[in-house]
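Everything below concerns the one structure shown next.
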Amino acid sequence: MIGFGDYFERTYVVGRRRRGNRRGAPPRYPPSWWNQYRAARDNEPRTKNATEAWHSRFQTIVGKSHPSLYKLIAEFQKEEADIRVMMQELDGGRTIRQAQRLTKAPPERGGAFVT
């Protein structure tokens with residue numbers, strides 16, 4: 001477990017320390033990339049769910065994992081036009097309705113257990 005702690009510290013927190021003539025190196029993934037303290041403190045989203053949702057929707061619209069450049073550009077242009085329309089509607093006073101989460105009711109509890 002000590003080895004893992006050293007690895008974590010080197011990779012995510014402080015980087016490699018200087019030894020002799022060797023220069024130190026910053027961490028591969030500095031805390032500013034992954035630390036969520038500030039997001040939690042400032043009540044900001046801690047995940048990129050909105051980005052992931054957009055990407056999933058856009059990939060569905062495009063219909064391919066690797067479209068041609070011309071198809072991709074055309075789809076980006078359509079997306080831009082849709083966003084412009086939505087922005088005009090919002091400026092005109094339209095409100096955005098949040099999608100409601102579908103939750104299942106807990107299953108009914110049966111009668112007495114039979115042993």
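Basis for what follows: all heavy atoms, side chains included, without hydrogens, waters or symmetry-related copies.
The line from NZ of Lys78 to CD1 of Ile73 is 13.0 Å long, rounded to the nearest 0.5 Å. Rounding to the nearest 0.5 angstrom, the gap separating the OG1 atom in Thr60 from the NE2 atom in His55 is 9.5 Å. Distance check: Gln77 CD to Asp82 CG gives 12.0 Å after rounding to the nearest 0.5 Å.
Applying the 6.0 Å contact sphere to CZ of Arg94 captures no more than 12 heavy atoms from other residues, nucleotides or ligands.
A salt bridge between Glu79 and Arg57 is present, with a side-chain N of the basic residue lying under 4.0 Å from a carboxylate O of the acidic one.
Formation of a donor-acceptor pair under 3.5 Å by the Ser56 side chain with backbone atoms of Glu52 is not found in this model. With hydrogens and angles disregarded, no donor-acceptor distance shorter than 3.5 Å links the side chain of Asp42 to the backbone of Glu44.
In this structure, Pro67 and Glu75 have side chains that are not in contact, with every pair of non-hydrogen atoms separated by 4.5 Å or more.
Residues Trp34 and Tyr29 share a closest heavy-atom pair of NE1-O, 2.9 Å. Of all heavy-atom pairs between Pro31 and Val13, the closest is CD-O, 3.8 Å. Residues Arg28 and Pro30 share a closest heavy-atom pair of O-CD, 3.6 Å. The minimum heavy-atom distance linking Pro45 with Ala39 is given by the pair O-CB, 4.1 Å. The shortest non-hydrogen separation linking Thr11 to Pro27 is O-CB, 3.5 Å.
In this structure, Tyr37 is not a member of the same hydrophobic cluster as Trp33, with clusters built from ILVMFWY side-chain heavy atoms closer than 4.5 Å. When hydrophobic clusters are built by joining Ile, Leu, Val, Met, Phe, Trp and Tyr residues whose side-chain heavy atoms come closer than 4.5 Å, directly or via intermediates, Val62 is not grouped with Tyr70. In the hydrophobic clustering of this structure, Met86 does not group with Trp54; members are Ile, Leu, Val, Met, Phe, Trp, Tyr whose side-chain heavy atoms approach within less than 4.5 Å, directly or through other members.
Classified by interplanar angle (parallel below 30°, tilted 30° to 60°, perpendicular above 60°), the ring pair Phe58/Phe76 is parallel.
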